[in-house]
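Hydrogens, waters and symmetry mates play no part in the numbers below; they use all other heavy atoms, side chains included.
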Amino acid sequence: MVMSGQVRIVEVGPRDGLQNEAQQVPTATKIQFIQMLADAGLKTIEATAFVSPKWVPQMADHAELMRALPRREGVTHPVLVPNLRGFEAAVDAGATEVAVFAAASETFSQRNINCSIAESLERFAPVFDAARAAGIRIRGYVSCALGCPYEGEVNPARVAEVAGKLFAAGCYEISLGDTIGVGTPARAKQMIAEVTTKVPAEHLAGHFHDTYGQALTNIYASIEMGVCAFDASVSGLGGCPYAPGAAGNVATEDLLYMLNGMSIGTGVDLDRLIAAGAFIRQFLGTETQSRVAKARQKAC
């Protein structure tokens, strides 16, 4: 349990948060946004995705962004890659860490990436080979770890099987995603307990959407299970186009406020984090979904 230690926050706002926004965000604005997140003290900031612009128009500037993004010592910028072609383009643009994504639901896998779970893992095999040769770290995602919009509840054993295969293939960390935000603390603990039969807790991360308002409680439960890394999106940006009604990721501000109250260190400054969220929300013309940011606004 990490009740008085350190938790690593993986900021996914610039990628997972922005990718479904209809309004195109200029590259320069994205870079300023990422810089503000780094100024707040975040050390892992997912920058973009090397996917087809046909499917994700918001990420069409991936190579331009990565080449122009200033690098800081101690700050990493993972990028999502769907296959070897995406991996090669990412490395050519200067990426030093990538992420691959699979699902624990067959239907979701077919709807999301047009292939079965087994086929998706086969597709990543050459990516792992190339990454090892190039010294590039790989992070893995498992979607629908606590529920699927098409299949309903997902058997924890299926989550463990996919996570275990990604870990065995070479992922240094597996992020378990409650893609549609239907999880509860008891179910989260049950799922993590099953996954840890295949992957040690120190190599797991939680990725909780807040559709039913359970994200923070699920994170607390995950911490009790020994998980000490969590994905979050500043101001609650994001959603899932393949999961109708799914809210964004847990707001980074809300996660940080809870961790601060638990005396768990992160190295992140709350005021600067709120400022970064306000910056991108002002550009988008939308309201923050962070309860902490809203409370601070009212207090002022």
For Arg71, salt bridge (charged side-chain N to carboxylate O under 4.0 Å, His left out) partners two or more places apart: none

Distance-minimising heavy-atom pair for Gln23 and Phe283: NE2-O, 3.5 Å

Sequence neighbours excluded - salt bridge (charged side-chain N to carboxylate O under 4.0 Å, His left out) pairs with any residue from residues 139-162: Arg139-Glu173, Arg139-Asp231, Glu151-Arg158, Glu161-Lys165

Interatomic distance, Leu237 atom CG to Arg15 atom CZ [nearest 0.5 angstrom]: 12.5 Å

Set of residues satisfying side-chain contact (heavy atoms from CB on, under 4.5 Å) with respect to Ala251, sequence neighbours excluded: Glu253, Asp254, Ser290

Sequence-distant partners of Thr184, side chain to side chain donor-acceptor pair (under 3.5 Å), two or more places apart: none

Lys198 NZ: over 12 foreign heavy atoms closer than 6.0 Å: no

Heavy atoms of other groups near Glu287 CD, more than 12 under 6.0 Å: no

Val7: which of Ile264, Val268, Val227, Leu255 passes side-chain contact (heavy atoms from CB on, under 4.5 Å): Ile264

Residue pairs fulfilling salt bridge (charged side-chain N to carboxylate O under 4.0 Å, His left out) with at least one residue in residues 49-62, sequence neighbours excluded: Lys30-Asp61

By side chain to side chain donor-acceptor pair (under 3.5 Å) - contacts of Tyr172 (at least two apart): Arg8, Glu97

Counting only pairs under 3.5 Å, give me each side-chain donor-acceptor contact of residues 121-137, with atom names and distances, residues two or more places apart or in other chains.
from   : atom 1 : to     : atom 2 : distance (Å)
Asp129 : OD1    : Arg132 : NH2    : 2.7
Arg132 : NH1    : Ala169 : O      : 2.9

Heavy-atom pair of closest approach, residues Ala145 and Val159: O-CG2, 3.5 Å

Between OG on residue Ser175 and CG on residue Leu166, distance to nearest 0.5 Å: 11.0 Å

side-chain contact (heavy atoms from CB on, under 4.5 Å) partners for Ser143, two or more places apart: Ala103, Phe108, Thr179

side-chain contact (heavy atoms from CB on, under 4.5 Å) against Glu119, all qualifying residues, sequence neighbours excluded: Cys115, Ser116

Listed partners of Asp271 passing side-chain contact (heavy atoms from CB on, under 4.5 Å), at least two apart: Asp269, Arg296

Residue list, ring-ring contact (aromatic ring centres under 6.0 Å, His included) with Phe167, at least two apart or on another chain: His203

Pairing residues for His77 by the ring-ring contact (aromatic ring centres under 6.0 Å, His included) criterion, not counting sequence neighbours: none

Derivation of the ring-ring contact (aromatic ring centres under 6.0 Å, His included) call for Tyr141 and His207: CA-CA 9 Å; Tyr141 282 99; His207 183 108; 5.7 Å; yes

Over all atoms of both residues, closest heavy-atom pair of Ile45 and Pro14: CG2-CG, 3.9 Å

OH/Tyr257: more than 12 non-hydrogen atoms of other groups inside 6.0 Å: no

Closest non-hydrogen atom pair, Ile180 against Pro149: CD1-N, 3.7 Å

